[in-house]
Number of protein chains: 2
Amino acid sequence: MKTTITDVAKAAGVSIKTVSRVINNEPSVRQPTREKVMTAVKSLNYQPNLAARNLAGTKSYSIAFIYDNPNAYYVIDMQNGILEACKKQGFELLIHPCRAKSENLIEEITDMIKHSRIAGLVLTPPFSEMPEFVEHILTLDIEVVRIMSGDIAPDDIAPCIMVNDHEAALSITQHLVDLGHKNIAFIAGEAEHMSTVERLRGYKKALKDNDIELDTQLIVNGEYSFESGVQGAKQLMAEKNKPSAIFCCNDEIAAGALFAARLLGINIPEQLSIAGFENSPFSRQTWPRLTTAHQPNPKIAEDAAKLLIAKSRKQQAKSIVTHYTPQLIVRDSTSNVT
Amino acid sequence: MKTTITDVAKAAGVSIKTVSRVINNEPSVRQPTREKVMTAVKSLNYQPNLAARNLAGTKSYSIAFIYDNPNAYYVIDMQNGILEACKKQGFELLIHPCRAKSENLIEEITDMIKHSRIAGLVLTPPFSEMPEFVEHILTLDIEVVRIMSGDIAPDDIAPCIMVNDHEAALSITQHLVDLGHKNIAFIAGEAEHMSTVERLRGYKKALKDNDIELDTQLIVNGEYSFESGVQGAKQLMAEKNKPSAIFCCNDEIAAGALFAARLLGINIPEQLSIAGFENSPFSRQTWPRLTTAHQPNPKIAEDAAKLLIAKSRKQQAKSIVTHYTPQLIVRDSTSNVT
DNA sequence: TCTGAGCCTGACAGCGTTGTCATTATTTGG
DNA sequence: CCAAATAATGACAACGCTGTCAGGCTCAGA
């Protein structure tokens, strides 16, 4: 039933080693031989056995994705993107949900790496933002690619895919300014997340660019949750200097702010503009639909995985840095100041 | 660095075969010997290499999860549950997103199964509801566990985890009846999904139990989407015999209905009660929060994976059927008829 | 035509584990 | 207490592939 390399070798009339060379794109195979083998491979629908490959060779054909993120849409998007790259390169993906704050995180990951030989790790926040963790993983002699917020990479110990939340936040804030808003509030996510830091930085930059004075009363701390949006908006609307617009650190917070506005009898967007960030599915399912910023997560993840695979094959010497900027999407939750 | 069975054998002063026996819980190992080995295993933190196991043995230590479901929360919950079972049993999980309606679905899955030796498949809708697909997979000599809607298993060719949507829908509808509603509408999901069929059946049963005549005008076809909820609710509220309550086939539809109500200036729940189904995260993030039914997806998935693993080890002779019933959660989107 | 350099190809061992079967220890019955 | 039966253990091949290295082939230059 299952086709082995031996079958292909017989069919092509060559040794298994030659088939192996063709499969792995090694040089030193004459063109006619290569073609004979390719034909046999196709006609037998042969695919190399990953277990045997991992066992026999020095190369690995597995990468892993660890996650600790309450946002299921984000995780699925990442996973699908990574899987896409894996499929194309004949790699296998190991999925490993775990707690970033776990006592024995390093031990857990180290064990995983030792037990199933892994070429590398795709790291998303919060893992990508834990330098000591990244460094430790690198000592294990495996590759790492980090997806993180920022416009410049923090170091060059490992490749980075930088998501320019700063610029995207700037666009969103600029959009609000363009609508005539001056009192623009900001509801933050967890302060230790780089995404929060970068989005806040973009917000401040936009204000500064437009000579709008920063009112620190309009910045409220929070976390990436609906509840936090509810609380944040309530608090803001109780200030003497009420905002006419709120930029929420993500869509979930924005949904919470919408909820609070409803509670307080405030019409959106007539009396208050609200913007989110992420373009998650429910940013299209709120009333009104959210103005937000979109980032192509599956694409980013596929890129990251590709990079990781290339690096593990030593096809890529230096640590590369790639950039993505989330794009503004204007919907119905923001409007002109009246 | 990595510990092999040979290291353990040396440490315990036995042959590698004996270590293998202990690891695999085979009989014919004397108790003292077993303990010596166990001690060595622990002190060396040994875990068998999966690639070698899959390659050498006749048993497999991998199961796969294929999905085609727009609901990321559902997929992640399932995945986490399955991974939990895998971790406990030393199995590896292969993740495979694919399109159920793809021309070459069977070919694709067959290839995957042949390519990486797989013990079994966890099937969720829509795959679990495709009998010809399930039968084909079974001919490949691997195990299958299906998670599906209904109160009785459709057949006994493979184990089923039945989710009793019928009874849960009955509870929800009964809840609406108890609040005094008589004109209760139903917005359906895709008609070909068993979940739709079962939920509709529960709805009808509840009406009948309470001697409420079924008004077919109050049942609208739809699909599991926000947009469908918007359209469905608009249509219903345009009828001469307007409903005082709408039971939506899932939370997303309910969110759409909420959206439509907002558009039409209808207050929820004062003028109209709306109930969802699923208890997805955004059922807590709508205004008002949705009354819905909760099912413990991670638990269900873990159960399914456990069953699959047991079956693959022939520890389970007959096809088992397990049952779960989603539980009513009353929130703020339903209230008394006024 | 011969020789050597360089390019191709294949034989063989080994990756870490399990299956088979032979061998050795232990128990049981007479 | 001994033979036979049974239980426990180990030696070795095999799983499907890759790495190493030796050997064969080709072709240019003399």
Side-chain angles (χ1 to χ4, degrees), chain A residues 1-37 40-41 44-62 90-92 114-119 312-314, chain B residues 1-37 40-41 44-62 90-92 114-119 312-314:
Chain A
M1 200 66 210
K2 62 203 161 201
T3 315
T4 75
I5 197 169
T6 312
D7 303 324
V8 178
K10 273 188 198 136
V14 297
S15 76
I16 58 169
K17 182 65 218 189
T18 298
V19 176
S20 171
R21 287 198 179 91
V22 175
I23 300 289
N24 292 289
N25 252 311
E26 288 171 30
S28 309
V29 178
R30 215 167 307 192
Q31 194 53 32
T33 314
R34 191 177 292 274
E35 276 158 17
K36 266 193 305 184
V37 173
V41 165
L44 294 171
N45 186 28
Y46 167 74
Q47 281 181 264
N49 176 310
L50 265 181
R53 273 186 148 179
N54 276 329
L55 189 57
T58 52
K59 317 187 200 65
S60 157
Y61 291 87
S62 310
F91 269 60
E92 158 184 87
K114 285 203 310 200
H115 294 310
S116 18
R117 183 200 299 221
I118 284 178
S312 82
R313 289 185 175 164
K314 312 284 179 247
Chain B
M1 201 64 209
K2 62 204 161 203
T3 315
T4 75
I5 198 170
T6 312
D7 303 325
V8 179
K10 274 188 198 135
V14 298
S15 75
I16 56 169
K17 183 65 221 192
T18 298
V19 176
S20 172
R21 287 197 180 93
V22 173
I23 300 291
N24 293 287
N25 250 311
E26 288 171 29
S28 305
V29 178
R30 215 164 308 195
Q31 194 51 32
T33 314
R34 192 177 292 275
E35 276 158 18
K36 266 193 305 185
V37 173
V41 165
L44 293 171
N45 186 27
Y46 167 75
Q47 281 182 258
N49 177 310
L50 265 181
R53 273 187 148 179
N54 276 330
L55 187 58
T58 50
K59 316 188 201 65
S60 156
Y61 291 86
S62 310
F91 270 60
E92 157 185 88
K114 285 203 310 203
H115 179 57
S116 23
R117 182 201 299 219
I118 284 178
S312 83
R313 290 186 173 161
K314 312 285 178 248

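Remember, it's a predicted structure, so these values are computed and weren't measured experimentally.
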Do B/Thr3 and B/Asn45 touch side chain to side chain, with heavy atoms closer than 4.5 Å?
no
Taking only residues two or more places apart in sequence, or in another chain, which ones meet B/Thr33 in a side-chain hydrogen bond (donor to acceptor under 3.5 Å, both in side chains)?
none
Distance, nearest 0.5 Å, that separates OH of A/Tyr61 from CZ of A/Arg313:
6.0 Å
Taking all atoms of both residues into account, what is the closest heavy-atom pair of B/Ala119 and B/Ser312, and its distance?
CB-CB, 3.8 Å
Does A/Ser15 place a side-chain N or O at less than 4.0 Å from the phosphate oxygens OP1/OP2 of C/dT9?
no
Excluding sequence neighbours, so at least two apart, what forms side chain to side chain contact (heavy atoms under 4.5 Å, CB included) with B/Gln47?
A/Asp111, A/His115
Atom CD1 of A/Ile16 and atom P of C/dC15: how far apart are they, to the nearest Å?
16 Å
Need to verify one output field. Residue with the more 5' nearest nucleotide on DNA chain C, B/Tyr61 or A/Val14?
A/Val14
Not counting sequence neighbours, which residues clear side chain to side chain contact (heavy atoms under 4.5 Å, CB included) with B/Ala11? List them please.
B/Ala40, B/Leu44
List for me each residue that meets side chain to side chain contact (heavy atoms under 4.5 Å, CB included) alongside B/Thr4, sequence neighbours excluded, and say none if there are none.
B/Thr6, B/Asp7
Considering all heavy atoms of both residues, which atom of A/Val14 and which atom of A/Val37 are nearest to each other, and what is their separation?
CG2-CG2, 4.0 Å
Indicate yes or no: at least one non-hydrogen side-chain atom of A/Val41 is less than 4.5 angstrom from one of A/Val22.
no
Side chain to side chain contact (heavy atoms under 4.5 Å, CB included) partners of A/Glu26, counting only residues at least two apart:
A/Arg21, A/Asn24
Got A/Ile5 and A/Ser20 here, is their nearest side-chain heavy-atom distance under 4.5 Å?
yes
Sorted by chain and number, sequence neighbours left out, side-chain hydrogen bond (donor to acceptor under 3.5 Å, both in side chains) with B/Asn49 holds for none
Please identify each residue that fulfils ring-ring contact (aromatic ring centres under 6.0 Å, His included) with A/Tyr46, with sequence neighbours left out.
none
Should A/Thr18 be listed as having a side-chain N or O under 4.0 Å from OP1 or OP2 of C/dG10?
yes
In degrees, rounded to 10°, what is the bend between the two ends of the helix from C/dT1-D/dA30 to C/dG30-D/dC1, using five pairs at each?
40°
What is the first contacted nucleotide of DNA chain D and what is the last, in 5' to 3' order, if contact means an atom lying under 4.0 angstrom from a heavy atom of chain B?
D/dA8 to D/dG16
In whole angstrom, give the distance that lies between atom CD1 of B/Ile23 and atom P of C/dT18.
8 Å
In residues 48-58 of chain B, what residues come within less than 4.0 Å of DNA chain C, judged by heavy atoms?
B/Pro48, B/Asn49, B/Ala52, B/Arg53, B/Ala56, B/Gly57, B/Thr58
First encountered from the 5' end of DNA chain D, between A/Gln47 and B/Thr33
B/Thr33
How close do B/Pro48 and B/Ile23 get, heavy atom to heavy atom, and via which atoms?
CG-CG2, 4.1 Å
Residues from residues 24-32 of chain A lying under 4.0 Å of DNA chain C - heavy atoms
A/Ser28, A/Val29, A/Arg30
B/Glu92 versus B/Asn54: any side-chain heavy-atom pair under 4.5 Å?
yes
Write down the atom of B/Arg117, the atom of B/Lys59, and the distance for their closest heavy-atom approach.
NH1-O, 3.9 Å
What nitrogen or oxygen pairs link the protein and nucleotides 20-22 of chain C at under 3.5 Å?
none

